Amino acid sequence: MSDRAKVNALFDKMHGAWFPDGPSDTNVGLISFRPTSAEYWDTSGVAGVKYLFGVAKAMLTGAAVESAKGTHGETSMR
């Protein structure tokens with residue numbers, strides 16, 4: 001989806017950790033979907049703290065966020 005007004009409306013400071021050029025970054029886009037199942041990584045506890053420090057570092061340096069390590073799980077959306 002290429003609704004730049006919607007991208008601007010939804011973009012906030014936290015997204016800048018992944019897209020340092022802000023909402024005008026050409027890599028920012030919107031998608032719409034209806035999931036039937038999902039997978040997730042639980043970054044609670046120490047893993048979550050490490051992840052938050054990584055996000056803060058990315059926001060301060062303009063570097064990309066490193067992928068989170070944590071417990072992987074699956075769930076049904078049906």
Side-chain angles (χ1 to χ4, degrees):
M1 185 181 285
S2 62
D3 184 344
R4 299 317 293 177
K6 188 70 169 177
V7 169
N8 288 330
L10 295 173
F11 198 91
D12 65 26
K13 272 184 161 180
M14 190 72 152
H15 299 128
W18 290 271
F19 304 101
D21 292 335
S24 62
D25 189 316
T26 57
N27 292 307
V28 176
L30 301 172
I31 59 172
S32 176
F33 61 95
R34 294 183 187 269
T36 57
S37 66
E39 295 184 38
Y40 60 90
W41 286 261
D42 178 8
T43 56
S44 60
V46 174
V49 172
K50 287 181 181 179
Y51 181 68
L52 288 176
F53 276 110
V55 170
K57 178 182 171 184
M59 290 177 73
L60 292 172
T61 65
V65 176
E66 294 181 23
S67 61
K69 295 184 175 106
T71 304
H72 174 257
E74 297 179 33
T75 186
S76 175
M77 307 294 278
R78 295 177 193 172

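No hydrogens, no waters, no symmetry mates; every other heavy atom, side chains included, goes into these values. What you see is a predicted model, and the numbers here were worked out from it, not measured in a lab. FYI, the numbering just counts along the sequence from 1.
Taking each heavy atom of Met59 and Ala17 in turn, the nearest pair found is CG-CB, 3.4 Å. The nearest pair of heavy atoms linking Ala58 to Ala63 is CB-O, 3.2 Å. For Asp25 against Asn27, the heavy-atom pair with the smallest separation is OD1-N, 2.7 Å.
Under the 4.5 Å side-chain heavy-atom criterion for ILVMFWY residues, no single connected hydrophobic cluster contains both Phe19 and Leu60. One hydrophobic cluster holds both Trp18 and Val7 under the rule that ILVMFWY side chains link at heavy-atom gaps under 4.5 Å.
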Take Val55 and Lys50, measure what side-chain contact (heavy atoms from CB on, under 4.5 Å) needs, and give me the verdict at the end. CA-CA 9 Å; Val55 170; Lys50 287 181 181 179; over 6 Å; no
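Although no hydrogens or angles enter the test, the distance criterion places no donor-acceptor pair under 3.5 Å between the side chain of Arg4 and the main chain of Gly29.
Note that CG of Leu30 and CG of Leu10 are 6.0 Å apart. Values are rounded to the nearest 0.5 Å.
The aromatic ring centroids of Phe11 and His15 lie less than 6.0 Å from each other.
Considering only heavy atoms from C-beta on, Asn8 comes within 4.5 Å of Pro23 through its side chain.
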